[in-house]
*Asks:* 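Below is the structure I would like to discuss, written out as structure tokens.
Given the structure is predicted, the values throughout are model-derived calculations rather than measurements.
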Amino acid sequence: MTLDENKLIRALRERARAPDGMTGIGDDCCIWTPRGETCLSVDAIAENHHFRRGDDPRAVGRKAAAAAISDLAAMGARPVGAVVAISCSAHWDAAAVMDGLASELERLHCPLLGGDTTAADSLVVSVTVWGEAVSGTQGTPGRLVRRSGGRTGDLLVVTGSFGGSLASGRHLRPEPRLAEGQWLAQQHFVHAMMDISDGPAADAPKLAEASGCGCLLLPDQIPVHADVESMSDTVTAAMCDGEDYELLIAVEGSQWPTLQLAWPFPIPLSTIGWLVEEPGAWMEDRHQRRVPLSYRGYEHRG
């Protein structure tokens, strides 16, 4: 299918109206005035790496939007806007990809404000999003939660469950934990946060290193998604499969009961380990011995 760039842009301009005070699709740049601390992220998904040629193009567009917005959720931010670059081959329906992407941005209350389209040999969708800190319940200034705030002794807590995303097709249906991230950002005992896209085995060490700590994980406590086959190696699936887009949170250990009691969302919370003083990634084996982490998580390869 030939990419008709002008037709696609006209359709998006009619659909994606910029909110008051912003300039969106139709100019060389979008324009907005930040109202406080702002965060910015870009996320790209590519054919044969994050999706297959036979996948539903609307689902691919929805995934591109949701995966990018998940980065805002990990900061505790409110979405403000997005711009999209799509490189599309003749094998893909660019309008369908953008329909799925625009629909997901609308669902997540993130205005589409611009971007770029070009023909290519394969489909790549790159989504840049930005967000702002959410004010506290008493009008107090909001904050954006970084990976680097974790402290020795913090519990490592996750939302949801893990494993089997590719086999089940859930890798095309990520659900950004926006409301959960915004609520967590308002809790003083939440010290650090990130989203888990490459599996706890890969991402927990990243948070620990950013915080100047090591991490000790409890693989048998990683919550396994219900669609992972019970006869498989469920622990490895949960630790390593990736593309779950749940939140990883470093929580002051003494405040774990408080967090459990105050948690207002149906998605469960689970402890999977804690931050330790000794650098590196560690785990408890079945004999409760501390050993080097033997799981690697998902790795992106060229």
*Asks:* Tell me which pairs pass side-chain hydrogen bond (donor to acceptor under 3.5 Å, both in side chains) where either residue lies in residues 264-275, with sequence neighbours left out.
*Replies:* none

*Asks:* Taking C-beta and beyond as the side chain, do His191 and Glu252 meet within less than 4.5 Å on heavy atoms?
*Replies:* yes

*Asks:* Looking only at atom types and distance, does a side-chain atom of Lys63 sit under 3.5 Å from a main-chain N or O of Arg58, one as donor and one as acceptor?
*Replies:*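 Checking the backbone N and O of Arg58 against the side chain of Lys63, no donor-acceptor pair under 3.5 Å is found.
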
*Asks:* Are the side chains of Trp92 and Glu47 in contact, using a 4.5 Å heavy-atom criterion?
*Replies:*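 Yes, at least one pair of side-chain atoms sits under 4.5 Å.
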
*Asks:* Would you call Arg296 and Cys240 a side-chain contact if the rule is heavy atoms closer than 4.5 Å?
*Replies:* no

*Asks:* Any chance you could measure Arg143, atom CZ, to Gln187, atom CD, to the nearest 0.5 Å?
*Replies:*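 Result: 8.5 Å between the selected atoms.
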
*Asks:* Quick one, Phe162 and Val228 - any side-chain contact, counting heavy atoms below 4.5 Å?
*Replies:*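 No, their side chains stay 4.5 Å or more apart.
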
*Asks:* Kindly work out whether a path of hydrophobic side-chain contacts (I/L/V/M/F/W/Y, heavy atoms less than 4.5 Å apart) joins Leu156 to Trp282.
*Replies:* no

*Asks:* Considering only NZ, NE, NH1 and NH2 on the basic side and carboxylate oxygens on the acidic side, decide whether Arg147 and Glu209 come within less than 4.0 Å.
*Replies:*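 Between Glu209 and Arg147 there is no salt bridge, as every charged N stays at least 4.0 Å from the carboxylate O atoms.
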
*Asks:* For residues Ala46 and Val124, report the shortest heavy-atom separation together with the two atoms involved.
*Replies:* CB-CG2, 4.1 Å

*Asks:* With a 4.5 Å cut-off on side-chain heavy atoms, are Ser197 and Asp203 touching?
*Replies:*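 Contact flag for Asp203/Ser197 side chains = yes.
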
*Asks:* Walk me through whether Asp220 and Arg286 qualify under side chain to side chain contact (heavy atoms under 4.5 Å, CB included).
*Replies:* CA-CA 8 Å; Asp220 289 337; Arg286 296 182 185 275; 3.4 Å; yes

*Asks:* So Asp195 and Glu246, do their side chains get closer than 4.5 Å, heavy atoms only?
*Replies:*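 When only atoms from C-beta onward are counted, Asp195 and Glu246 do not touch, as no gap falls below 4.5 Å.
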
*Asks:* Run the salt bridge (charged side-chain N to carboxylate O under 4.0 Å, His left out) test on Glu104 and Arg107 for me, step by step, so that the C-alpha distance in whole Å, both residues' side-chain angles and the decisive distance to 0.1 Å come before the verdict.
*Replies:* CA-CA 5 Å; Glu104 186 70 355; Arg107 184 179 76 87; 2.9 Å; yes

*Asks:* Does the salt bridge (charged side-chain N to carboxylate O under 4.0 Å, His left out) test come out yes or no for Arg170 and Asp244, once each step is laid out?
*Replies:* CA-CA 8 Å; Arg170 280 187 291 104; Asp244 291 301; 3.3 Å; yes

*Asks:* First locate atom CZ of Arg290, then atom CG of Leu216, and finally report the distance between them rounded to the nearest 0.5 Å.
*Replies:*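 With rounding to 0.5 Å, CZ (Arg290) is 5.5 Å from CG (Leu216).
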
*Asks:* So, for Pro174 and Pro176, which heavy atoms are closest and what is the spacing to 0.1 Å?
*Replies:*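 Looking at all heavy atoms of both residues, the shortest contact is O-CD, 3.6 Å.
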
*Asks:* Look up atom CG in Leu293 and atom CE in Met239, then write down how far apart they are to the nearest 0.5 Å.
*Replies:*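 Here the rounded value is 5.0 Å.
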
*Asks:* Does the side chain to side chain contact (heavy atoms under 4.5 Å, CB included) test come out yes or no for Leu275 and Arg151, once each step is laid out?
*Replies:* CA-CA 7 Å; Leu275 295 178; Arg151 306 170 188 175; 5.9 Å; no

*Asks:* Check the pair Leu123 / Ile86 against side chain to side chain contact (heavy atoms under 4.5 Å, CB included), numbers first and verdict last.
*Replies:* CA-CA 7 Å; Leu123 178 61; Ile86 175 172; 3.9 Å; yes

*Asks:* Is there side-chain contact between Pro200 and Ile272, with heavy atoms separated by less than 4.5 Å?
*Replies:*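 Yes. Closest side-chain heavy atoms under 4.5 Å.
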
*Asks:* Check step by step if side chain to side chain contact (heavy atoms under 4.5 Å, CB included) holds for Val190 and Leu184.
*Replies:* CA-CA 7 Å; Val190 170; Leu184 287 162; 4.0 Å; yes

*Asks:* Quick one: does any side-chain atom of Ser70 pair with a main-chain N or O of Glu175 as donor and acceptor, under 3.5 Å?
*Replies:* no

*Asks:* Working to the nearest 0.5 angstrom, can you tell me the gap between Leu172 CG and Ser165 OG?
*Replies:* 9.5 Å

*Asks:* If you round to the nearest 0.5 Å, how far is SG of Cys110 from CG of Leu112?
*Replies:*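 Leu112 atom CG to Cys110 atom SG measures 8.0 Å (nearest 0.5 Å).
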
*Asks:* State, without any angle test, whether His287 and Asp285 hold a side-chain donor-acceptor pair at a distance under 3.5 Å.
*Replies:*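 No.
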
*Asks:* Group every Ile, Leu, Val, Met, Phe, Trp and Tyr by side-chain heavy-atom contacts under 4.5 Å, then state whether Leu105 and Val60 land in the same group.
*Replies:* yes

*Asks:* Do the side chains of Asp198 and Lys206 get close enough for a salt bridge, i.e. N-O under 4.0 angstrom?
*Replies:* yes

*Asks:* Could you tell me if the side chain of Trp256 sits less than 4.5 Å from the side chain of Leu269, heavy atoms only?
*Replies:* yes

*Asks:* Can we say Arg146 and Glu37 salt-bridge, meaning some charged N sits less than 4.0 Å from an Asp/Glu carboxylate O?
*Replies:*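 A salt bridge links Arg146 with Glu37.
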
*Asks:* Can you tell me how far CD of Gln182 sits from OG of Ser135, rounded to the nearest 0.5 angstrom?
*Replies:*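 Answer for the OG-CD pair, Ser135 versus Gln182, is 11.0 Å.
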
